[in-house]
Amino acid sequence: MTGIVAVIDYGMGNLHSVASALEHVGASDVVVTHDADMIRQADRVVFPGVGGIRDCMSEIRRLKCDELLTQALTQQGVPVLAICVGLQALMSHSEENEGVDCLGTIPGEVRYFGSPLTDAEGARLKVPHMGWNEVRQTVAHPLWAGIPDMTRFYFVHSYYAHAWDRSLVAGSVQYGVSADAALARDNLFAVQFHPEKSAAAGLRLLKNFLEWNGQC
Amino acid sequence: MALAKRIIPCLDVEDGRVVKGVNFIDIRDAGDPVEIAIRYNEQGADELCFLDITASHEGRDTTVQTVERIAEHVFIPLTVGGGIRSVDDIRTMLNAGADKVSINTAAIHSPELVRESAERFGSQCIIVAIDAKRVNDVEGQPRWEMFTHGGRKPTGIDAVAWAVRMAELGAGEILLTSMDRDGTKNGFELGVTRAITDAVDIPVIASGGVGTLDHFVDGVIQGGADAVLAASIFHFGEYTVPQAKAYMAEHGIEVR
C-alpha cells in the first residue's frame, strides 16, 4: 500500500507524466490537485514544476500551495518529493525573471548557468542544460537505493540551485559549474532532473519514494 | 564526464498509425506507435520524436490520443511535431503528454508564436524546426535557405540567421533538417550543421540523411550537434540504437 500520493497542481504545465510514472511503479491512488483537503489527507506529496519561476511562484502563492507544502513537511510529516522547478521554488531566491523571491524552505539560491558556459577543457556548453547527465550521489539516501552512483538522469533547465548548507546536498551534476542535482532534509527530497523522464533509473527513484518512510 | 549526446528515433504518424511501419524482429504490430515507442525505450533511445503528417482534423484528434497512450507507457522525453500552428495546438500536445513540440512553418508565418509559447510554457518545450537547403551565393560560397512544403518552397530566409533569431525569441532547441540530404542516406549536411551550432547557444538536433553509423559520429564531431535524429536506419533494422551508441562511444563521444 503506497497510500494517497498527491501531486500538487498549481496550473503550470502537464503533470500527467509524473502521475503516470508513479502509477507505473505501483502507486494505486495518485491525485493531481491543489485542493487543500486532499493534500492534507495525502500520505505522500509530490511538488513538481515547469516553466518560468515568476509565474510558478505567483501561482504557488495564489493557490496557497506554499502553506500546503509547509504543512505536508511539518505537521503531516509525510515524504515529499520536489522535481525541477519544484526544487528551485524551495530555495530562497532565483535569478530568473529579473530576480524572484522563492519559498526559502532550503536556504540557497538559483543561478543562471551563464553564457558563455564552458567545460574544464574550455569547450563551449549549450544552455539550457538539456539531456542525460551523470549524477554523483554525495550522500547515501533511501531514494538512491538500487541506483548506481553516476547514473545518468534527464535534465532540462537553464538555472541551477546552490544550497548554502552544503550538508543538504544529496547529489551533484557537472555542467560548466557544479550544480545541485538533489537536495535532502528530513522527509524532503528534491531533484533538479526529471525522474518521470529518466527511463529505468528515474522509475526506480520514484519507486524508492513510494517505499520511503521519510527518514534519512 | 559530460552531458551525453542524444540519439532520437523519429516516427512519422498518420491518423494514429506509424507510416511505413517498423521492421523489428517479433514486433506484433509494426504500425502501433505505442509498441514501437516501448521498443525504442527498451533499446535505450534518449528521446522520441513523433512527426504528425495527418491532414484531417479527426486524424489529429487520434494523434492526441496516441500521444496520451505513449506518455502512459514510455518514460523518456517525447517530442511531437507537424501541424503545430497555435498556442492552443501546443497546449493540447503538452497536456496530452508531449514534453516538447516542434514548430516549423508556423514559426515562419508568425515568429511571435515562438516568443509567446516560450513565455507561456517555457523554452524547454519549444523546438523550432528548420528545413534548410543549400543555395550558393553570387560568389559560389555555400549558404543555406529556409524551405517549406517539404523542401519545395523557398522562403528567402537565411537558415543560420533564422536559427539565431529563433533562439532570441525563446526557442529551447533547434531541429535542423537538411532538405538536400533527407532520405538520401548520404549523411548530414555538415556545413549548415556546424554553422548553426556555432551561431546559437541552444542545443541543435541534426537530422536528414543518416545512412551509416559514421554519419552520427560526423554529425556530432564535425557538425557539433548535441543530438542526432534518424528514422529509417533504425526502423528497418539496419542498426539498433545500442549499436549506434557503441559506435559513437568508440569514437570518443559521450553516450548514455
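Basis for what follows: all heavy atoms, side chains included, without hydrogens, waters or symmetry-related copies. Chain A is the first sequence line, chain B the second, and so forth, proteins listed ahead of strands; every chain is numbered from 1. Values in this document were obtained by computation on a predicted structure and should not be read as measured data.
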Notebook entry, point to check: For the atom pair OH (Y154(A)) and CD1 (I76(B)), what is the distance rounded to the nearest 0.5 Å?
Noted result: 10.0 Å
Checklist line | Choice from S198(A), G51(A), A21(A), S158(A) maximising heavy atom contacts with chain B below 4.5 Å | finding: A21(A)
Next item on the list: Give a yes or no on whether H141(A) atom NE2 has more than 12 heavy-atom contacts from other residues, nucleotides or ligands under 6.0 Å away.
Entry: yes
Next item on the list: Please round to the nearest 0.5 Å and tell me the distance separating atom CD of E47(B) and atom CH2 of W132(A).
Entry: 8.5 Å
Margin query: Show the nearest heavy-atom pair for residues P128(A) and I202(B), with the distance to one decimal.
Written below: CD-CG2, 4.1 Å
Checklist line | Pairwise distance NE2(H73(B)) to NE2(H24(A)) - rounded to 0.5 angstrom | finding: 8.0 Å
Next item on the list: Determine the minimum heavy-atom distance between A199(A) and R256(B), stating which atoms define it.
Entry: CB-NH2, 3.4 Å
Item checked: Over all atoms of both residues, closest heavy-atom pair of V156(A) and Q124(B) -> CG2-CB, 3.2 Å
Margin query: With chain B as the partner, which of H16(A), E196(A), E23(A) has the greatest number of non-hydrogen pairs under 4.5 Å?
Written below: E196(A)
Item checked: Distance, nearest 0.5 Å, that separates CG of D201(B) from NZ of K126(A) -> 7.5 Å
Next item on the list: For chain A, find which of E72(B), R120(B), R91(B), R6(B) contributes the most heavy-atom pairs closer than 4.5 angstrom.
Entry: R6(B)
Margin query: At a heavy-atom distance under 4.5 Å, which candidate from V74(B), D46(B), L78(B) has the highest pair count against chain A?
Written below: D46(B)
Check: Which atom names give the shortest non-hydrogen contact between S20(A) and A71(B), and what distance separates them?
Finding: CB-O, 3.9 Å
Next item on the list: Can you see which heavy atom on M130(A) is nearest to which on G172(B), and at what distance?
Entry: CE-O, 3.8 Å
Notebook entry, point to check: Which answer fits E68(B), side chain, backbone, both or neither, if we ask what part of it has an atom under 4.5 Å from a heavy atom of chain A?
Noted result: neither
Item checked: Contact origin within S123(B) toward chain A - heavy atom pairs under 4.5 Å -> neither
Item checked: Winner by heavy-atom pair count (cut-off under 4.5 Å) against chain A, out of A96(B), A227(B), P203(B) -> P203(B)
Next item on the list: Please report the shortest heavy-atom distance between K197(A) and G97(B), naming the atom on each side.
Entry: NZ-O, 4.2 Å
Margin query: At a 4.5 Å cut-off on heavy atoms, which part of S17(A) comes close to chain B: side chain, backbone, both, or neither?
Written below: both
